[in-house]
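We name chains A, B, ... by the order of the sequence lines, and we start the count at 1 in each one. Only this structure's heavy atoms are used, side chains among them; waters, hydrogens and symmetry mates stay out.
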2 protein chains.
Amino acid sequence: MKTKLYGIGVGPGDPEYLTLKAKRIMNSVDVLICPSKSEDAESFAYEIVKPNMENKDVEVLKMIFPMHYKTHDLKKKWAENGKVISDLLSQGKTCGFITLGDPTVYSTFIYTLPYIDDAVMDLELIPGITSFCAVASEIKQPLMVWEESLKVMPVRKNSKDHLIQAVGEHDNLVLMKPSSDTQAIVEAIRHHGLENNFMLISKVGTEGSHMIRDIEVLENTKLPYLSTMIIKKGGFRD
Amino acid sequence: MKTKLYGIGVGPGDPEYLTLKAKRIMNSVDVLICPSKSEDAESFAYEIVKPNMENKDVEVLKMIFPMHYKTHDLKKKWAENGKVISDLLSQGKTCGFITLGDPTVYSTFIYTLPYIDDAVMDLELIPGITSFCAVASEIKQPLMVWEESLKVMPVRKNSKDHLIQAVGEHDNLVLMKPSSDTQAIVEAIRHHGLENNFMLISKVGTEGSHMIRDIEVLENTKLPYLSTMIIKKGGFRD
């Protein structure tokens, strides 16, 4: 028999960016799975939903998803986690897996899904606010208008040439994980003379939220992992 | 003195995709501005929020934003609407402007903003669930994983060559407003042999929601305006 597994997007940080559906479902499941990067760390996804956890019967289960593992160990850990979730589902327990942002956008949940036994899983995904939409709202700028398009891409290590090309090609560009190679981003922006056409926000929607729009500040800042940059070739509105 | 104007994203259709913040703010303003395409039509954005309108003191103001006007008339109408909003703000009334999806993604609100007097406006944007995130959740597919990127673009009229290029270039492509030139999309998909690599959903999150993943059905269907297509070169997960 299949039991329900929900992949629940909780948005990028502000507890109020939770959807009504996410709030309802997370308070209705038997087990709420909360990814965390280590034993010692709080689950950031759980911190986001905590103010809206009203049902004390929900079992809150912290699950470790290391971020900087060697690939082999990471896959082993995912397989272990997938087994735990499959077992819970086999026991007839409905499970919610909370995940930062939206479950279909580079989410921990999507990476875990292949390790969960299809035979015991009736899957439902609940969309969430993406970091890039939250950042655009925070800076009061459109992501795209009229006939414009938007490109969203992750920054890789050693990606200078790739970034120079991408910054040149797209009217509106969102860079995820800019901490992977901040120097390459700085060089790509300078290459195209777009020093006044970027904004970056770290930890959007949280008390630690921080904006950078000065290229020299960007160059000299060690960015947090949860940072998002928007580059608009046409510039920002006043 | 400046009064607060909120641009409130209400998501693509499901009332439960409203955020907690959107719900709180729309119940706290003096006037809730609800865009509608004609005098006769209901405001779709208002239909989405209606189940969560709890404060009867909020004045609900339908505002007409015609979709198929000649450009000149459209701008004239926007200017008129902007004047109405500026006047409300000048009177010290806080206003919420509800808009489909997210306010920074091709939204009616963003197009109206230049016509509102900055001198009377203290602006705040509240992000919403985008149609493409809702569609990806509905079809239980990732928009992007790992090093992949995502391109989001609107379909224009007579855009066959443009679409053939875009479909060829991007791993993950979201086409907004596919009703603008469905035949060109069909040809671009066939050109690249990607007949099994697209899914389209119309009116996601509503009772009229409808999925198409057969190229011949796509070719012979007159799509609603509110349709979104995802094309994944690497294919969909089982």
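Within 6.0 Å of NZ on A/K233 lie more than 12 heavy atoms contributed by other residues, nucleotides or ligands. More than 12 heavy atoms of other residues, nucleotides or ligands shown are found within 6.0 angstrom of NZ on A/K4.
When heavy atoms are compared at a cutoff of 4.5 Å, A/N52 approaches chain B solely by way of its side chain, counted from C-beta outward. Using a 4.5 Å cut-off between heavy atoms, A/K140 touches chain B through backbone and side chain atoms alike. Contact annotation for A/E148: only backbone heavy atoms (N, CA, C, O) come within less than 4.5 Å of a heavy atom of chain B.
Listed options B/K177, B/R156, B/M176 were ranked by heavy-atom pairs under 4.5 angstrom with chain A; first place goes to B/R156. For the set A/A136, A/P114, A/P15, the count of heavy-atom pairs under 4.5 angstrom toward chain B peaks at A/A136. For the options A/I129, A/I126, A/I110, heavy-atom pairs under 4.5 Å to chain B are most numerous at A/I129. If you tally non-hydrogen atom pairs under 4.5 Å between each of A/E147, A/E124, A/Q141, A/M153 and chain B, the highest count goes to A/E147. Of the listed residues (A/S149, A/P154, A/S137), the one with the most heavy-atom contacts under 4.5 Å to chain B is A/S137. Per-residue heavy-atom pair counts under 4.5 Å with chain B were compared for A/D118, A/V105, A/L18, A/D14, and the maximum is reached by A/L18. With respect to chain A, the highest number of heavy-atom pairs below 4.5 Å among B/D102, B/V145, B/N172 belongs to B/V145.
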inquiry  = Under the criterion side-chain contact (heavy atoms from CB on, under 4.5 Å), I'd like the reasoning laid out for B/V152 against A/M144: C-alpha separation, chi angles, the key distance, then a yes or no.
reply    = CA-CA 9 Å; B/V152 183; A/M144 64 277 221; 3.6 Å; yes

message = Using the rule given for side-chain contact (heavy atoms from CB on, under 4.5 Å), can you reason through A/L113 versus B/R237, listing the C-alpha separation, both sets of side-chain angles and the distance that settles it, and then say yes or no?
response = CA-CA 10 Å; A/L113 205 45; B/R237 64 174 207 91; 3.7 Å; yes

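In this structure, B/F132 and A/F132 have parallel ring planes: the angle between them is below the 30° cut-off, well short of the 60° mark.
The closest side-chain heavy-atom distance from B/T19 to A/E16 is not below 4.5 Å. Here the side chains of A/T130 and B/T130 are not in contact, with every heavy-atom distance at 4.5 Å or above.
Taking the six-membered ring where the residue is Trp, the centroids of A/W146 and B/Y106 are separated by 6.0 Å or more.
Heavy-atom minimum distance, B/P127 versus A/C133: CB-O, 4.1 Å.
Atom NZ of B/K23 and atom CG of A/L20 lie 6.0 Å apart (nearest 0.5 Å).
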